[in-house]
S.K.: 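Can you read through this structure? Questions will come right after.
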Amino acid sequence: MQSKVVLITGGSRGIGAETALLSTSRGWDVCISYRSRKEEADAIVKRIEESGHKALAVQADVGSEDDIVRLF
């Protein structure tokens, strides 16, 4: 069975972080991007991994084309 993966920009806090956590409760693995809040992003990844799902945090500014290309 292939995993379902969701990408959430701004996933280190607020609505993005809650969406990431909700997604895992629905069976999705998660990739979150963050611009400057590495510690918060790492904390969300840890919570997701502790729930048994895969997670990845990628530093990316969605206002930068180069960052978007690297994110994907």
Side-chain angles (χ1 to χ4, degrees):
M1 183 173 155
Q2 191 171 12
S3 296
K4 300 183 293 184
V5 179
V6 62
L7 168 63
I8 300 170
T9 59
S12 66
R13 62 190 180 109
I15 293 170
E18 290 302 318
T19 302
L21 296 170
L22 178 63
S23 297
T24 61
S25 74
R26 305 265 169 97
W28 291 76
D29 292 328
V30 177
C31 175
I32 62 171
S33 71
Y34 65 95
R35 188 174 64 185
S36 61
R37 297 178 180 264
K38 180 176 178 9
E39 294 80 20
E40 288 92 336
D42 289 343
I44 295 299
V45 167
K46 182 178 179 183
R47 285 181 63 186
I48 291 168
E49 289 175 339
E50 287 173 347
S51 74
H53 291 275
K54 295 178 184 176
L56 174 67
V58 178
Q59 190 284 324
D61 180 346
V62 296
S64 164
E65 183 176 354
D66 289 340
D67 281 9
I68 293 169
V69 169
R70 184 173 45 79
L71 175 61
F72 280 91

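As the structure is a computational prediction, the values presented were derived from the model and not from experiment.
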S.K.: Indicate the atoms forming the closest heavy-atom contact of Thr9 with Ser33, along with that distance.
M.R.: CA-OG, 3.1 Å
S.K.: What pairs of residues pass the salt bridge (charged side-chain N to carboxylate O under 4.0 Å, His left out) test when at least one of them lies in residues 49-60, not counting sequence neighbours?
M.R.: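 Qualifying pairs, neighbours excluded: none.
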S.K.: Can you run down the side-chain hydrogen bond (donor to acceptor under 3.5 Å, both in side chains) pairs that involve residues 16-26, sequence neighbours left out, and say none if there aren't any?
M.R.: none
S.K.: Scan for salt bridge (charged side-chain N to carboxylate O under 4.0 Å, His left out) pairs involving residues 31-46, sequence neighbours excluded, and state none if there are none.
M.R.: Arg37-Glu40, Lys38-Asp42
S.K.: Do Val58 and Leu7 land in one hydrophobic cluster if side-chain heavy atoms of ILVMFWY residues count as linked below 4.5 Å?
M.R.: yes
S.K.: I need the minimum non-hydrogen distance between Ser12 and Ile44, along with the two atoms involved.
M.R.: O-CG1, 3.9 Å
S.K.: Do the non-hydrogen side-chain atoms of Val45 and Leu56 ever get within less than 4.5 Å of each other?
M.R.: no
S.K.: Are Leu21 and Val30 connected in a single hydrophobic cluster, I mean Ile/Leu/Val/Met/Phe/Trp/Tyr linked by side-chain heavy atoms less than 4.5 Å apart?
M.R.: yes
S.K.: What pair of heavy atoms forms the shortest contact from Trp28 to Lys4, and how long is it?
M.R.: CE3-CB, 3.4 Å
S.K.: Which donor-acceptor pairs under 3.5 Å do side chains of residues 65-72 form with protein atoms, sequence neighbours excluded?
M.R.:
| residue | atom | partner | partner atom | Å |
| --- | --- | --- | --- | --- |
| Asp67 | OD1 | Arg70 | NH2 | 3.3 |
| Asp67 | OD2 | Asp61 | N | 2.9 |
| Arg70 | NH1 | Gln59 | O | 2.8 |
| Arg70 | NH2 | Gln59 | O | 2.7 |
| Arg70 | NH2 | Gln59 | OE1 | 3.4 |

